[in-house]
Amino acid sequence: MPYSSLFKDHLAHPRNAGELPDANAIADEKNPVCGDRLRLSLIIKDDRIESVRYLAYGCPPTLVCGSVLTELISGKLVEEAKALTRADLVNAIGGLPSRKHHAAALAIETLHSALANLA
Amino acid sequence: MSGRRVYLDHSATTPVDPRVANAMARAVVETFGNASSVHGFGQQARAAIDRARREVAALIGAKQNEIVFTSGGTEANNLAIRGLCEAAAGRHIITSAIEHPSVSGVCVELEKRGWEVTRLPVYANGVVRIDDVAQALRPDTVLITVMLANNEIGTIQPISRIGSLVRETRATGQKLWLHTDAVQAAGRLSLNVDELGCDLLTMSAHKLYAPKGIGALYVRRGVRLHGQNVGGHQERERRAGTENVPGIIAFGEAAKLAREELVQRSQHDHALRDRFENLVQEQISDVVMNGDREQRLDHLSNISFRFIEGEGLLINLDLEGVAVSTGSACSSGTLEPSPVIRALGVDDELARGSLRFSFGKDNTEADVDYAVAVLARAVERLRMLSPLTV
């Protein structure tokens, strides 16, 4: 398993794990094929992501993509977050084997759902 | 990370015993002759192979000339199943749903060539039922291949009862043989091929503290096999190729030690395994122990941890130096839960959350305690992250 030290660090020390009771943007997405799940809760104020938490179930790339994503979007404008792509996330992790790119796809999809669900 | 390393993956492979390594190292330098050569160097190698063959045979109560050395368990399984089916007149094989890929894969290949395969279920306890075997028998069945002990959950299959059934069937005139993959069992259980009633039995040296690259197939006298490696007279025409003399010598030494230390090793492994399972049940909630509680190998524990996925847990353990295995894999967005755990009838979540812990002769109680402490922390961390627990 050629996982990078950054990858392992996020796996052992997930950033922003949990849920936000006061979230105004929430999404819970599931990969229907493999069953991986990701839940994002965001507090957005004045078009800016003030706070973010995530929960994840699945293979290590799914857990790590969730953690890295929260760092990427924290403090960002909604428009900036919407522009994030799967490739941006994969780059931020330092690369993922192509067979594991679905984990990044799930994370980006969950982010877009959460932003679309902004209350 | 503490820097401590604890190896709990002895079903994948075992560390080489220094006594075995020494015997092998001497052989590499001193016993370099080709065993087919008629001169003294060759005969020295031949004699060393013969001694090793006696030790490997003694491990399973076989005769020396019934042992065929191979490159490992996979080759031995291929030789047994393909070799027998190619030499036999028939078209039906009976196997189990939880075989190692080196057996199940060969069965799939034979299906492509027109053979029919019945795969016996194992039910919730992971054990084949003898009634199912009897029911699956057909007049054109030529081979039953069922593993002696499973590599993921350690359950021991009723091979001696299947062996009796095979003998009874053979007494009616049907040509029927029994193969058992004993890769996980050899060196861990006291085995006797006559008591088992098997005609073919597979062993692998690296599961009993010898190096990789060497295994053996027991072939009962009179059983005809079509050789898979041709182009040489070695191994009584059953496996052509210059013998791996150092590997064979290592296997012989490892088999001798396994036979001499079998009781002590299994008591040791059993005690560690029980200590481990008791601590896990005390310290971690929502766990499911997979496979029969009694009819199983002493050194192995397979546990599903609810709400989390095995590979993430495995890597968390590895980060703290604890090495274990999972049979499940997620690849290209496709879930591939362990076929063995799925065969127990459990749901995908439990199958994905299963880990195998397999203990060995050099593990200590302190290893177990450390592993459980690391495991409890990792499970808690991953469950805090899991949306399934919310």
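Just so it is clear, the model here is predicted, and its values are computed rather than measured. Hydrogens, waters and symmetry mates are skipped; everything else that's a heavy atom, side chains included, is used. Chain naming here is simple, since letters A, B, ... match the order of the sequence lines and numbering starts at 1 in each.
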Notebook entry, point to check: Looking only at heavy atoms, what is the nearest atom pair of B/N316 and A/A12, with distance?
Noted result: OD1-CA, 3.8 Å
Check: Where do A/A17 and B/L385 come nearest, in terms of heavy atoms and distance?
Finding: CB-CD1, 3.5 Å
Notebook entry, point to check: Heavy-atom distance under 4.5 Å between the side chains of B/R352 and A/D36, does that happen here?
Noted result: yes
Check: Closest approach of B/F307 and A/Y57, non-hydrogen atoms and distance?
Finding: O-CD1, 3.3 Å
Notebook entry, point to check: Considering all heavy atoms of both residues, which atom of A/P60 and which atom of B/I315 are nearest to each other, and what is their separation?
Noted result: CG-CD1, 3.6 Å
Notebook entry, point to check: Closest heavy-atom contact between A/C59 and B/E309?
Noted result: CA-OE1, 3.5 Å
Next item on the list: Please flag which part of B/I308 lies under 4.5 Å from any non-hydrogen atom of chain A: side chain, backbone, both or neither.
Entry: backbone
Check: In this structure, are over 12 heavy atoms from other groups packed under 6.0 Å from B/E380 atom CD?
Finding: no
Next item on the list: Can you establish whether the number of heavy atoms outside A/D46 located under 6.0 Å from its atom CG is more than 12?
Entry: no
Item checked: For B/E75, all residues meeting side chain to side chain donor-acceptor pair (under 3.5 Å), sequence neighbours excluded -> B/S71, B/R239
Notebook entry, point to check: When rounded to the nearest 0.5 angstrom, what is the spacing between CG in B/L388 and CG in A/L55?
Noted result: 9.5 Å
Next item on the list: Kindly check if the number of other-residue, nucleotide or ligand heavy atoms within 6.0 Å of CE (B/M289) is above 12?
Entry: yes
Notebook entry, point to check: How long is the span from the CG atom in B/D348 to the SG atom in A/C34, to the nearest 0.5 Å?
Noted result: 10.5 Å
Next item on the list: Output the distance between atom OG1 (A/T62) and atom CD (B/E311), rounded to the nearest 0.5 Å.
Entry: 10.0 Å
Notebook entry, point to check: Do B/P387 and A/E19 come within less than 4.5 Å of each other through their side chains, counting heavy atoms only?
Noted result: no
Next item on the list: Look at the side chain of B/R381 and the backbone N and O of A/H13, then say whether any donor-acceptor pair between them is shorter than 3.5 Å.
Entry: no
Next item on the list: Quick one: list whatever passes side chain to side chain donor-acceptor pair (under 3.5 Å) with B/T13, sequence neighbours left out.
Entry: B/H206, B/K212
